[in-house]
Amino acid sequence: MGIVEKATEYHLGLLKAKLARYRAQLLEPTSKSSGGGTGFDVQKTGDARVALIGFPSVGKSTLLSKCTHTQSESAAYEFTTLTAIPGVIEYQGARIQLLDLPGIVEGASEGRGRGRQVVATAKTADLILIMLDATKSEEQRRLLEIELDAVGIRLNKTRPDVVFKRKTTGGINKTVPLTKTDEKTIRSILASYKLHNCDVMIREDITTDEFIDVLIGTRKYIPCLYVYNKIDAISLEQMDKLAREDHTVVISCELGLNLDYLIDKIWEELDLVKVYTKKRGVHPDLDDPVCLRKGATVENVCNGIHRSLAANFRYALIVQGKSSKFNPHAQKVGLYHHVMDEDVVSTRPGRSHTNGRRMTVFTK
């Protein structure tokens with residue numbers, strides 16, 4: 001990289017940092033001001049939340065009606081849905097909340113067409129489904145990605161492996177060589193945020209934009225599926241090309257094509273762990289699981305059953321499963337042991353508010 005390119009990148013980094021700060025002040029006003037990014041008043045229920053986002057009349061309401069027992073009004077004209085309509089997908093014993101959000105327009109991140117309410121609700125989702133019209137150009141996908149990126153939603157990305165702490169002294173420590181930015185640019189960005197003393201540990205080769213995201217700290221990293229509807233109106237060659245793209249599912253809501261595969265992909269992207277409850281001396285109820293995020297601990301299992309269980313916890317047994325060191329034999333573990341899918345876990349709470357009853361917890 002030449003001197004000119006380095007100087008250009010340095011100034012671009014400063015400009016990006018200023019732009020990100022001003023945009024955050026514009027789109028995320030203080031609590032005293034009105035009209036902030038307040039989402040629709042829909043209670044988060046079930047084991048996970050999936051948000052449907054797209055332009056008007058791409059089939060979001062029809063998909064909600066087909067996949068759940070909820071009827072969302074659909075018609076041949078745009079903006080049929082004016083508020084968030086929740087439905088529930090029941091899959092392998094889990095209850096997944098599916099939110100049909102109003103169609104957004106270009107400029108939604110700036111507040112056009114109730115856009116701020118839509119994106120604020122999308123930030124609470126565990127998975128985003130971007131509904132697209134297969135008969136239209138790829139420009140629709142690019143515009144939606146721009147709107148979500150502008151409000152701090154990062155699709156199909158993970159948080160950069162950067163540790164940032166404010167300190168009276170400190171410096172920049174990097175364990176990998178930086179090829180997409182340099183230390184001078186990082187220091188200038190920190191100075192633009194008036195951060196002159198801090199400890200920064202960089203463990204991966206990040207870009208300037210990714211470092212700014214870490215500094216701001218309000219970015220949401222959410223998995224996303226691109227769902228192309230109306231495939232019955234395009235050629236087989238076009239459909240095959242779309243279906244081969246990453247994180248993409250092709251469907252037809254009108255004909256009910258490929259909807260089962262879409263639900264399978266939703267489950268796969270959510271990456272949930274199923275946990276079954278069982279009273280002592282009785283077979284586990286495999287029809288009513290407690291579903292938790294991957295990486296959940298025995299404490300999360302207890303809280304999923306009742307909040308008092310963790311407070312009165314004594315120990316747990318991994319009766320059978322991948323997380324047991326002695327599989328297929330049992331292992332005695334504590335609250336912070338990580339359970340895995342298809343484990344068999346038995347908790348042993350002490351005698352407490354439950355009048356001495358003990359609850360046994362299993363995963364299939």
Problem - Side chain to side chain, Leu129 and Val50, heavy atoms closer than 4.5 Å - result: yes
Exercise for the section: State the CZ-CG distance between Phe313 and Leu309, to the nearest 0.5 angstrom. Expected result: 10.0 Å
Problem - Side chain His338, main chain Gly295, donor-acceptor under 3.5 Å - result: yes
Practice task
Please confirm whether the backbone N or O of Thr185 pairs with a side-chain atom of Ser188, one donor and one acceptor, at under 3.5 Å?
Solution key: yes
Completion exercise
Nearest heavy-atom approach of Glu269 to Pro223 is OE1-CB, 3.9 Å
Handout entry: Heavy-atom pair of closest approach, residues Thr124 and Arg49
Key = OG1-NH1, 2.7 Å
Problem - Donor + acceptor pair across side chains of Gln92, Lys274 (<3.5 Å) - result: yes
Problem - Thr45 versus Arg95, side-chain donor and acceptor atoms under 3.5 Å - result: no
Problem - Within 45° cone of Tyr221 ring axis and under 6.0 Å: Lys157 NZ or CZ - result: no
Practice task
Ignoring hydrogens and angles, tell me if any N or O in the side chain of Asn327 forms a donor-acceptor pair with the backbone of Ser324 under 3.5 Å.
Solution key: no
Fill in the blank from the handout: Here the gap from Asp246 atom CG to Leu225 atom CG, rounded to the nearest 0.5 Å, amounts to 11.0 Å
Problem - For Ala84 against Val42, the heavy-atom pair lying closest together - result: CB-CG2, 3.7 Å
Practice task
Would you indicate whether the side-chain heavy atoms of Val298 and Val333 approach each other to under 4.5 Å?
Solution key: yes
Problem - Distance-minimising heavy-atom pair for Ile206 and Leu178 - result: N-CD2, 4.2 Å
Problem - Value rounded to 0.5 Å, distance of CG in Leu259 from CG in Leu63 - result: 6.5 Å
Completion exercise
Nearest heavy-atom contact between Asn229 and Cys253 is OD1-N, 2.9 Å
Problem - Joint hydrophobic cluster, Ile189 plus Val162, side-chain heavy atoms closer than 4.5 Å - result: yes
Handout entry: Check: Val273 and Met340 side chains under 4.5 Å, non-hydrogen atoms
Key = no
Problem - Considering all heavy atoms, the nearest Ala51-Ala122 contact - result: CB-CA, 4.4 Å
Practice task
Report the distance from atom OG1 of Thr208 to atom CG of Asp213, rounding to the nearest 0.5 Å.
Solution key: 11.0 Å
Exercise for the section: Treat each ILVMFWY residue as a node, draw an edge where side-chain heavy atoms are under 4.5 Å apart, and state whether Trp267 and Tyr261 are in one component. Expected result: yes
Practice task
Check step by step if side chain to side chain contact (heavy atoms under 4.5 Å, CB included) holds for Ile85 and Thr70.
Solution key: CA-CA 8 Å; Ile85 300 175; Thr70 304; 3.9 Å; yes
Problem - Pairwise side-chain contact, Ile96 with Val88, heavy-atom cut-off 4.5 Å (strictly under) - result: no
Problem - Sub-4.5 Å side-chain heavy-atom contact between Val151 and Glu147 - result: no
Practice task
Kindly indicate, with the supporting measurements, whether the criterion side chain to side chain contact (heavy atoms under 4.5 Å, CB included) is fulfilled by Thr248 and Arg141.
Solution key: CA-CA 12 Å; Thr248 299; Arg141 174 170 169 170; 4.0 Å; yes
Exercise for the section: Report whether Tyr193 and Phe164 are members of the same hydrophobic cluster (ILVMFWY, side-chain heavy atoms less than 4.5 Å apart, transitive linking). Expected result: yes
Handout entry: Contact check, side chains of Leu144 and Ile104, non-hydrogen atoms, under 4.5 Å
Key = yes
Exercise for the section: Indicate, with yes or no, if Ile263 and Leu270 share a hydrophobic cluster defined by side-chain heavy-atom contacts under 4.5 Å among Ile, Leu, Val, Met, Phe, Trp and Tyr. Expected result: yes
Problem - Side-chain ion pair, Glu210 and Arg154, N-O less than 4.0 Å - result: no
Practice task
Check for a donor-acceptor pair, side chain of Asn156 on one end and backbone N or O of Cys224 on the other, with a separation under 3.5 Å.
Solution key: yes
Practice task
May I ask you to check whether over 12 heavy atoms, not counting those of Glu254, lie within 6.0 Å of atom CD?
Solution key: no
Problem - Lys/Arg N to Asp/Glu carboxylate O, Arg142 vs Glu145, below 4.0 Å - result: no
Practice task
Would you tell me whether Asp133 and Tyr228 have side-chain atoms, one donor and one acceptor, within less than 3.5 Å of each other?
Solution key: no
Practice task
Measure the spacing between CG of Leu99 and CG of Leu52 and express it to the nearest 0.5 Å.
Solution key: 8.0 Å
Practice task
Using a strict cut-off of less than 4.0 Å between a Lys/Arg side-chain nitrogen and an Asp/Glu carboxylate oxygen, indicate whether Asp271 and Lys294 qualify as a salt bridge.
Solution key: yes
Problem - Heavy-atom side-chain proximity of Leu190 to Val200 below 4.5 angstrom - result: yes
Handout entry: Sub-4.5 Å side-chain heavy-atom contact between Ile53 and Leu148
Key = yes
Practice task
Applying salt bridge (charged side-chain N to carboxylate O under 4.0 Å, His left out), name anything that partners Asp209, two or more places apart in sequence or on another chain.
Solution key: Lys16
Practice task
Could you verify whether a donor N or O on one side chain and an acceptor N or O on the other, from Ser323 and His337, lie under 3.5 Å apart?
Solution key: yes
Handout entry: Any pair counted as salt bridge (charged side-chain N to carboxylate O under 4.0 Å, His left out), so long as it reaches residues 317-328, sequence neighbours left out
Key = none
Practice task
Find the distance between OH (Tyr226) and CG (Leu155) and round it off to the nearest 0.5 Å.
Solution key: 5.0 Å
Practice task
Assess whether side chain to side chain contact (heavy atoms under 4.5 Å, CB included) is satisfied between Arg203 and Val163, documenting all intermediate values.
Solution key: CA-CA 8 Å; Arg203 299 194 184 98; Val163 178; 3.3 Å; yes
Exercise for the section: Start with the C-alpha gap between Leu143 and Phe55, add the side-chain angles, then the distance that decides, and say whether side chain to side chain contact (heavy atoms under 4.5 Å, CB included) holds. Expected result: CA-CA 10 Å; Leu143 290 174; Phe55 290 117; 3.9 Å; yes
Exercise for the section: Using the rule that two of Ile, Leu, Val, Met, Phe, Trp, Tyr join whenever any of their side-chain heavy atoms come within less than 4.5 Å, decide whether Phe326 and Tyr315 are in one cluster. Expected result: no
